[in-house]
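Throughout, protein chains are lettered first and strands after them, A, B, ... in sequence-line order, and every chain is numbered starting at 1. Values below: all heavy atoms of this structure, side chains included; hydrogens, waters and symmetry mates excluded.
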There are 2 protein chains.
Amino acid sequence: MQLLLEKVESQILASGGKRSRSRSAVIAQFFRCGRHVSVEELTRLVKKRSPAVGSVTVYRTMKLLLRLGYVNEVDFGEGVTRYESNMSSHHDHLVCKSCGVVTEFIDSRIEELQSEVAHKHEFRPLTHRLDIYGYCRKCDSERDVPEMSV
Amino acid sequence: MQLLLEKVESQILASGGKRSRSRSAVIAQFFRCGRHVSVEELTRLVKKRSPAVGSVTVYRTMKLLLRLGYVNEVDFGEGVTRYESNMSSHHDHLVCKSCGVVTEFIDSRIEELQSEVAHKHEFRPLTHRLDIYGYCRKCDSERDVPEMSV
DNA sequence: CTTGATCATGAAATTCATTTTCATGATAGC
DNA sequence: GCTATCATGAAAATGAATTTCATGATCAAG
C-alpha cells in the first residue's frame, strides 16, 4: 500500500507533477476504501483526516489517476461518476438497484462471445461494459411482500 | 407510423394527458429519425418543421414516452442521455469511438450466460447493459496510418 | 359554441455534477 | 534561500436536465 503510493507519486514526479499532502491523502484514501467510490463519498472520507482538502482537489486527483492509468471511471446511471481501481483485471458488474452494492464478476465465455460477435460485425473491439442490474439476495428476499403493480 | 402516433396519443389521453401540436411533432420526429438520438439533436430536427418548439418540451416529451414505455434511455458516456425506441426487442450495442455509429446486436448465448452468472451469485437480474466500444470497419481502416503515441 | 377546469408550453430561473479561473501557497532543483 | 512551476481552495463558470410561472391550448359538459 505504501509501496503503491510511492509508485504513483514517483510517476507523478516523472510526468512533471509535484508531491503534495492533499494529493497523497486522496490517493491513499482511494486505495484504502472499497471500489466504486464517487467523488462526493471520497471527499467526505478524506475530510475526516484532512478537513482542509476540498472536493475540487479530489476531482483533479481522480482525473490525474485516470490519466496515469490507475483507475477507471464507471457510471451506473445515477448521474455521478464512480471510480474503481484499475489494479485488478477487467471485470463486469452486478449492481443491486435497492442497496447499491456492486459485485464484480468475470466470465471468460462471455468475453469470448463478445469478441466473436464484434468480429462478425467487422468491428474492432477495444473495451466494453457489461452491467447487470437487479436485486441481490438480501434485497430480493425483503421484496417478497407483493407490491401494488403500476 | 401514423397508427403508432395515434396509439401513443390515445394512451396519453387515457392517462390524463392532452393532445398538443408540439408533442405530436416531437413524437413523430422521434419515430421518424434513427435510433439513439439526444435531446439536442432531436430538438434541432423538430425545429426545422416547428420552429416554436423548445428543448424543454422535447425533454418533457421524451420523459413522457419513457413513462409510457415507448423508449429507453441509453448513455454511452458522452455526458448526454440518448433515447432509443423500445418497440424492437432488447439488444446490445457496438459503439464506434470514432464516428459514433451505433450497431445493435443480440446474441442469445451471451444472454443465457448472463442469467447463469447472475444466478450463480444469487442475484436476480432485471435488466442489463452491454456496450462494446471500438472502431467500425470504416474508421478502423482509416486509422491504419500510425499516429504519434501520446 | 361557450365556458371552465386542467393540462401543455416556452422562457427564464434553478439544480447539480463537474470544470475553470485566479490569487495564493507549497515544492523541487539549483 | 531563490525562483520557476505546480497545486490548492474558493468562487465563478459550464452544461445537461428540471422546475417555476404566467400564458396558451385542449377537452368535456352544458
Side-chain angles (χ1 to χ4, degrees), chain A residues 5-6 8-30 36-44 46-68 71-83, chain B residues 5-6 8-30 36-44 46-68 71-83:
Chain A
L5 186 57
E6 279 173 27
V8 176
E9 305 231 293
S10 65
Q11 198 177 340
I12 292 176
L13 261 290
S15 67
K18 288 177 181 171
R19 228 178 286 266
S20 98
R21 286 280 159 71
S22 309
R23 200 131 78 183
S24 304
V26 175
I27 296 172
Q29 181 63 56
F30 173 75
H36 312 115
V37 214
S38 69
V39 169
E40 193 222 331
E41 290 163 357
L42 187 52
T43 302
R44 212 166 31 233
V46 171
K47 271 185 186 294
K48 284 186 187 171
R49 300 176 180 228
S50 317
V53 176
S55 63
V56 185
T57 296
V58 180
Y59 274 108
R60 279 193 277 232
T61 304
M62 295 319 290
K63 287 292 182 190
L64 177 63
L65 290 180
L66 182 69
R67 281 197 301 278
L68 296 179
V71 302
N72 291 327
E73 293 184 328
V74 292
D75 154 37
F76 298 132
E78 310 156 292
V80 290
T81 301
R82 292 180 174 276
Y83 289 88
Chain B
L5 186 57
E6 279 172 26
V8 177
E9 305 231 294
S10 66
Q11 199 175 338
I12 291 175
L13 262 290
S15 66
K18 288 177 180 171
R19 228 178 286 267
S20 98
R21 286 281 158 72
S22 308
R23 200 132 77 181
S24 305
V26 175
I27 296 171
Q29 181 63 56
F30 172 75
H36 312 111
V37 214
S38 68
V39 169
E40 193 222 331
E41 289 164 357
L42 186 54
T43 303
R44 214 172 21 239
V46 171
K47 271 185 185 294
K48 283 186 187 171
R49 301 178 180 226
S50 317
V53 176
S55 62
V56 185
T57 296
V58 181
Y59 274 108
R60 281 192 276 232
T61 304
M62 295 319 291
K63 287 291 182 192
L64 177 62
L65 291 180
L66 182 68
R67 282 196 301 277
L68 297 179
V71 302
N72 290 327
E73 294 185 328
V74 292
D75 154 36
F76 298 132
E78 312 157 292
V80 289
T81 301
R82 293 180 173 277
Y83 288 89

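Distance check: B:I12 CD1 to B:L68 CG gives 6.0 Å after rounding to the nearest 0.5 Å.
Residues satisfying the side-chain hydrogen bond (donor to acceptor under 3.5 Å, both in side chains) criterion with B:K63, sequence neighbours excluded, are B:E73. The side-chain contact (heavy atoms from CB on, under 4.5 Å) test applied to B:K18 returns no partner, not counting sequence neighbours. Every salt bridge (charged side-chain N to carboxylate O under 4.0 Å, His left out) that A:R44 has, sequence neighbours left out, goes to A:E40. Scanning for ring-ring contact (aromatic ring centres under 6.0 Å, His included) contacts around A:Y59 gives an empty result, with sequence neighbours left out. In terms of the side-chain contact (heavy atoms from CB on, under 4.5 Å) criterion, residue partners of B:R19 (sequence neighbours excluded) are, by chain and number, B:E9, B:L13. Listed by chain and residue number, A:E41, A:E78 satisfy the side-chain hydrogen bond (donor to acceptor under 3.5 Å, both in side chains) test with A:R82 (two or more places apart in sequence, or in another chain). Scored by the side-chain hydrogen bond (donor to acceptor under 3.5 Å, both in side chains) test, B:R21 finds no partners at all (sequence neighbours excluded).
If you take CG of A:L42 and P of C:dT18, they are 12 Å apart, rounded to a whole angstrom. With rounding to whole Å, A:R23 atom CZ is found 6 Å from D:dA7 atom C1'. Atom CD of A:E9 and atom C1' of C:dT27 are 12 Å apart (whole Å). Note: CZ (B:R67) to C1' (C:dA8) measures 12 Å, nearest angstrom. If you take CG of A:L64 and P of D:dC6, they are 13 Å apart, rounded to a whole angstrom. For the pair B:L65 CG and C:dA8 P, the computed distance is 13 Å after rounding to whole Å.
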Atom pairs under 3.5 Å, N or O on each side, protein against nucleotides 25-29 of chain D: can you list them with distances?
from, atom 1, to, atom 2, distance (Å)
D:dT26, O2, B:K18, NZ, 3.1
D:dC27, OP1, B:R19, NE, 3.2

Please list, pair by pair, any protein nitrogen or oxygen found under 3.5 Å from a nitrogen or oxygen in nucleotides 17-20 of chain D.
from, atom 1, to, atom 2, distance (Å)
D:dA17, OP1, B:T81, N, 2.9
D:dA17, OP1, B:T81, OG1, 2.9
D:dA17, OP2, B:Y59, OH, 2.8
D:dT18, OP1, B:K63, NZ, 3.3
D:dT20, O4, B:R60, NH1, 3.4

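Along DNA chain C, the nucleotide nearest B:I12 and the nucleotide nearest B:K47 are compared for position; the residue whose nucleotide lies closer to the 5' end is B:I12.
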